[in-house]
**Q** 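Handing you this structure, nothing more for now.
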Amino acid sequence: MAEEAQQQDKTEDPTQKRRNDARKKGDVPRSRELTMTGVMLSGAGALILLARPMGRNLLEAFGAGFSIEREQLFDPGYLGPAFAEIGTKGILSLLPLGIVLVLAVFLGAISIGGWSFSMQAANFKAERLNPLKGFKRIFSANAINELVKAMAKFSLVAAISVSWLWFRAEDLLSLGRQPIAPAIEEALRICAVSLLVVSTGLIVITAVDVPFQLRQYDKKLRMTRQQVKDEFKETEGRPEVKSRIRALQQQIATRRMMEELPTADVVITNPTHFAVALKYDDSTTGAPRVIAKGKDLVAKRIREIATENRVPLFSAPPLARVLFKTTDIGDEIPAQLYTAVAQVLAYVFQLSETLRPGQHRPQAPVPEINEDDFPGPYKMR
């Protein structure tokens with residue numbers, strides 16, 4: 001009852017991870033009916049195509065076996081090589097058919113479940129020796145389905161086989177009146193056509209069995225909602241762990257940012273809510289880069305470190321806000337801000353020079369920001 005209730009709770013489709021885990025264990029969808037049908041059709045086709053060369057090779061093997069002289073039978077050194085040669089001819093004559101059948105088995109097995117090789121399926125499990133579970137498997141719904149399917153398959157194939165043999169009875173009886181060579185070739189051809197006819201019934205069974213096996217496989221892998229949640233936590237990480245990791249990453253990034261802050265050329269402020277530190281390297285052709293930025297408490301700490309290291313502070317609320325919203329640490333400033341930032345840097349560089357007697361302090365610029373240059377989420381408010 002507990003297992004039935006648990007099966008009823010499995011309402012969620014299997015995830016890709018669950019499918020991959022099942023494949024690693026060697027648990028993939030398979031259809032024995034598809035494999036059998038493939039073998040029958042392949043064997044019938046091979047016999048039709050190879051009936052003449054196979055009949056000729058078998059005739060040579062039989063002829064060699066029945067053409068031994070009486071004196072050779074009493075020669076101990078003759079019988080061994082003679083039988084080896086006859087056996088080799090027989091095997092070689094049937095080898096092409098054997099190769100086709102092996103390939104058919106292989107291709108039929110992997111046609112719906114794909115290739116899967118796992119030693120986990122061969123591992124010893126004590127529960128397999130449990131007789132109670134063995135009886136449960138024997139009398140399970142799946143076993144009953146297999147029994148019904150086997151009976152239906154037997155009935156259908158038997159009906160087709162009897163009807164076909166009754167239809168070809170005259171041809172079979174006529175084989176005894178033919179010479180040995182054409183009789184062998186004709187017998188192989190009749191076997192091939194008979195296999196082909198019987199396989200038509202298997203095609204019907206396979207067309208029903210393959211969707212059934214796929215549906216049963218998906219049903220077996222179904223999951224409860226709790227299993228889906230647990231798997232998501234295992235795959236993506238638990239929320240509290242991810243939150244802690246993000247916090248540590250943010251702390252590390254903030255510490256590196258503060259270590260590079262003393263090398264900045266200017267810190268543009270809001271003046272209280274935002275702070276963005278810029279650095280310009282005139283040895284390169286690139287634009288000024290953002291080496292630190294922050295808001296509220298982080299912005300306050302940026303201003304403090306800048307003051308301690310004599311990095312100029314420049315109050316330009318619109319420019320600070322746009323820089324904060326449109327750039328990340330390490331990015332170059334947007335092209336729309338080249339003029340405004342150039343005005344600020346020129347003013348800062350002028351301040352850093354020693355003023356000569358009588359030289360007036362340069363007037364602080366008022367960077368102009370075009371609001372239409374920053375649509376969407378970056379548009380100034």
Side-chain angles (χ1 to χ4, degrees), residues 3-4 6-8 10-16 18-49 97-118 120-122 125 127-128 133-167 191-223:
E3 291 183 359
E4 293 179 359
Q6 185 180 11
Q7 187 65 32
Q8 292 176 357
K10 293 183 177 181
T11 57
E12 305 300 316
D13 292 333
T15 62
Q16 187 60 42
R18 186 171 177 85
R19 293 181 182 274
N20 293 339
D21 292 342
R23 176 172 292 275
K24 291 178 182 178
K25 298 176 181 178
D27 186 6
V28 292
R30 291 285 188 256
S31 173
R32 287 179 292 182
E33 311 307 327
L34 177 61
T35 303
M36 182 180 297
T37 303
V39 170
M40 295 281 284
L41 291 175
S42 301
L47 281 176
I48 292 175
L49 296 176
L97 178 61
I99 293 175
V100 171
L101 294 179
V102 170
L103 290 176
V105 171
F106 179 78
L107 295 176
I110 67 174
S111 56
I112 63 171
W115 168 258
S116 176
F117 179 79
S118 174
Q120 296 187 29
K125 293 183 180 180
E127 62 182 16
R128 294 177 179 173
K133 290 192 174 183
F135 282 115
K136 186 180 295 185
R137 286 193 298 268
I138 293 175
F139 297 102
S140 64
N142 185 52
I144 296 175
N145 290 333
E146 290 294 328
L147 177 61
V148 172
K149 185 174 63 176
M151 294 177 62
K153 179 174 62 176
F154 173 79
S155 301
L156 181 60
V157 171
I160 295 175
S161 301
V162 171
S163 302
W164 177 251
L165 290 176
W166 181 267
F167 176 74
C191 289
V193 176
S194 300
L195 281 176
L196 194 60
V197 172
V198 172
S199 298
T200 57
L202 295 179
I203 292 175
V204 176
I205 297 174
T206 301
V208 176
D209 183 65
V210 170
F212 174 77
Q213 294 297 336
L214 292 174
R215 185 168 60 252
Q216 288 295 104
Y217 181 76
D218 284 341
K219 184 178 179 181
K220 181 178 66 174
L221 293 185
R222 278 183 169 274
M223 308 168 66

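Every value quoted in this text rests on a predicted model; they were computed, and no experiment measured them.
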**Q** Working to the nearest 0.5 angstrom, can you tell me the gap between R222 CZ and R18 CZ?
**A**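 Here the interatomic distance stands at 11.5 Å.
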**Q** For a side-chain contact (heavy atoms from CB on, under 4.5 Å) with M40, tell me which candidate from V198, L196, T35, L101 qualifies.
**A**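 Running side-chain contact (heavy atoms from CB on, under 4.5 Å) over V198, L196, T35, L101 with M40 returns exactly one hit, V198.
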**Q** Which heavy atom in A104 sits nearest to a heavy atom in V39, and how many Å separate them?
**A**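 Where A104 meets V39 most closely, the heavy atoms are CB-CA, 3.9 Å.
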**Q** Can you give me the closest heavy-atom contact between M223 and P14, atom names plus distance?
**A**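 In terms of heavy atoms, the two residues are closest at SD-CA, 4.0 Å.
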**Q** Might you work through the side-chain contact (heavy atoms from CB on, under 4.5 Å) test for L147 and M151, ending with a clear yes or no?
**A** CA-CA 6 Å; L147 177 61; M151 294 177 62; 4.2 Å; yes
**Q** Grab the two heavy atoms, one from R30 and one from Q213, that are nearest each other, plus how far apart they are.
**A**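 Closest pair (atom of R30, atom of Q213, distance): O-CG, 3.5 Å.
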**Q** Tell me, with the steps shown, if D209 and L34 meet side-chain contact (heavy atoms from CB on, under 4.5 Å).
**A** CA-CA 8 Å; D209 183 65; L34 177 61; 5.9 Å; no
**Q** Which atom names give the shortest non-hydrogen contact between T206 and E33, and what distance separates them?
**A**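 Closest heavy-atom pair between T206 and E33: OG1-O, 3.2 Å.
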**Q** Distance check, rounded to the nearest 0.5 Å: L41 atom CG versus I203 atom CD1?
**A**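 L41 atom CG to I203 atom CD1 measures 5.0 Å (nearest 0.5 Å).
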**Q** When rounded to the nearest 0.5 angstrom, what is the spacing between OG in S194 and CZ in F167?
**A**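 If I round to the nearest 0.5 Å, the distance is 11.0 Å.
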